[in-house]
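Below, each value reflects all heavy atoms present in this structure, side chains not excepted, and no hydrogens, waters or symmetry copies.
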Amino acid sequence: MSHKPVPRPDPISHVYWQRLREGRFSYQSCRACGQCWLPPAPICPRCWATDTEFIDSAGYARLLTWATYHRAYDPAFADSLPYVVGLVELSEGPRLMAGIRCDDPTLLRVGVTLNLELEPRENGFLVPVFVPVLANKREGHAD
Amino acid sequence: MPDTVISGVGATPVGKLAGATAWSLQAQACRAAVADAGLELAAVDGLLAEPGYTQPVIDGITPHYLRLGEMLGMSPNLCGTEVLGGASSVSMVQRAANAIAAGLCTHCLCVYGDAPVSAPGTFEYGRGDDATHGLFGAVGLHAMAARLHMERYRTTEAQLGAVAVTARAHATLTPHAQFREPLNLEAYLDSAYVVEPLRKYDCCPVSDCGAAVVVSAARQLPADGPAPVRIAGMGQAHCLAPMLDARHLRQLPAARSGATAFAMASVGPADIDLCELYDCFTIVVLMQLEDYGFCRPGAAGAFVAAGETGPGGSLPVNTAGGLLAEGYGGGMLHIVEAVRQLRGEAGDRQVDEARLGLVSGHGLGLNTHATLILASTAA
């Protein structure tokens, strides 16, 4: 079985991935204007200040939209089909693309609450994925 | 701005072309476009090129125009490579028109060509760390946009399918189209998902193709050339920070790009006779119909399903079949088709009274957009 791709940290994203290795999922914030964002950048994308910091996220989010892959463009994802990738908005504001771990994608809706989990990959990497808080299908509808 | 026109168009066949390379297709398309314009080779003094996806980098840098210009034996007054993805072709025509209006050159070739079927290069599907999350290809992002449209407006899979079916209906009238067999909604709905909610027929094919146009100063045309098509309006708008933009996947930069172009041309959506909309995926056609103001938000699915964008409809869209059925021509075939329609040379698929056409280009991960409004000068 092949392994899912690992992140490729560069000088700009290095701190983000290093904190994840330590189990801390964080976003970047501007000390000058307070803007919060992902992915990591060398400058605040709102006021262009360079005094920025990483802040740990509480790990709560909502789903803005999603796509369900029925084809594995990388063979490492073949065993996961169908799998979901979504656009996620953290409670702190930043948005990111991330895997959505979900047994039944038909239950997903815009605005569904998501909880963070960290998925281990090779070389000690941890990758953020999100798990939807869904009503049990047998009990009726998701709200 | 001073009058600039498209004076000539040319294209190779589209599909699987044995032995083709990006270079040979670009050279053939350039030759055809200059011949169509009726220009002497020496009169062409501008060269803009979109390298396509399979060979964008040469020896670590991207002076694509350098190798192409060497092949064509050119010493132009303007040259460059455009890398706006699917918006490159429309953007090149704009760059050429601006340069001509500024007096930098007089006749500028704008060319796209690639041979991904016959000479595969490297398709890097996951950008940066996207592959880590399983996000591969433009299809994933467009599937997210489609899902959001369905959630917000109750757009149905059958309405997405209507875009694919309509593209084939136009292509059946287009002798050079890659997919001329009709498609019905049942076959569409029976096909497997690629990235749900998008199926195979929602996705444009990979094609070998070269296509080019010549942009010229209106006062410098040969007396015996074809009727020029006037560049009446143009606009661009881009979304380069999608994670910071709440409109990302909900609305295309087309809304802003279109407003600029309509204002420049002093026309509105109701004045447009036909559209050639970049259609890498069916959902982008629905979004553009709304973002350009041809339909109310959420109304495009029903508009297409009612046949309004098909042959004989009130607003024919992608009259040669578009990327979905004519084949992948990098957006340049859309411009070529608009010119043929506005000259009245489109044969069985000719739109009646075609005076004003809108052409769009849309590129990368829903990041780039460019618009042209073209006007007929034929009597």
About how many Å separate CE of A/M97 and CG of B/D130, when rounded to the nearest 0.5 Å?
7.5 Å
Choice from B/A145, B/A146, B/P242, B/G140 maximising heavy atom contacts with chain A below 4.5 Å
B/G140
Taking the ring centre of each residue, are A/F77 and B/F136 less than 6.0 Å apart?
yes
Should we say atom CG of A/D51 is surrounded by more than 12 heavy atoms from elsewhere, each under 6.0 Å from it?
yes
Under 4.5 Å, counting heavy-atom pairs only, tell me which of A/L87, A/V6, A/V129 racks up the most with chain B.
A/L87
Can you check side chain to side chain contact (heavy atoms under 4.5 Å, CB included) on A/Y83 and B/H133, steps first, answer last?
CA-CA 10 Å; A/Y83 71 89; B/H133 307 297; over 6 Å; no
Here the gap from B/E196 atom CD to A/H70 atom NE2, rounded to the nearest 0.5 Å, amounts to 3.5 Å
Looking at A/P82, A/A67, A/P94, which has the largest count of heavy-atom pairs under 4.5 Å with chain B?
A/A67
A/R19 atom CZ, neighbour heavy-atom count above 12 within 6.0 Å:
yes
Decide side chain to side chain contact (heavy atoms under 4.5 Å, CB included) for A/R8 and B/T132; before the verdict, give the C-alpha distance in whole Å, the side-chain angles of both, and the deciding distance to 0.1 Å.
CA-CA 9 Å; A/R8 292 175 288 186; B/T132 304; over 6 Å; no
What's the spacing between A/W37 CH2 and B/M243 CE if we round to 0.5 Å?
15.5 Å
Interatomic spacing from CG in B/D129 to CH2 in A/W17 - rounded to 0.5 Å:
5.0 Å
Checking A/E119 against chain B: side chain, backbone, both or neither under 4.5 Å from a heavy atom?
neither
Given heavy-atom pairs under 4.5 angstrom as the criterion, report whether the side chain, backbone, both or neither of B/L249 touches chain A.
side chain
Shortest non-hydrogen contact from B/L148 toward A/L64:
CD1-O, 3.5 Å
Can you tell me how far apart OG1 (A/T65) and CZ (B/R250) are? Round to the nearest 0.5 Å.
9.5 Å
So do the side chains of A/R46 and B/L244 get within less than 4.5 Å of each other, counting heavy atoms only?
no
Working note: A/Y69 + B/L135, criterion side chain to side chain contact (heavy atoms under 4.5 Å, CB included); need CA distance, chi angles, decisive distance, verdict.
CA-CA 9 Å; A/Y69 279 72; B/L135 179 60; 3.5 Å; yes
Please give me the minimum heavy-atom distance between A/P5 and B/A131, naming the atom from each residue.
CG-O, 3.5 Å
Measuring only between side-chain heavy atoms, which start at C-beta, is A/Y73 closer than 4.5 Å to B/V194?
yes
Taking atom CZ of B/R147 and atom CG of A/L108, what is their separation to the nearest 0.5 Å?
8.5 Å
Answer yes or no: does atom CZ of B/R296 have more than 12 heavy-atom neighbours from other residues, nucleotides or ligands under 6.0 Å?
no
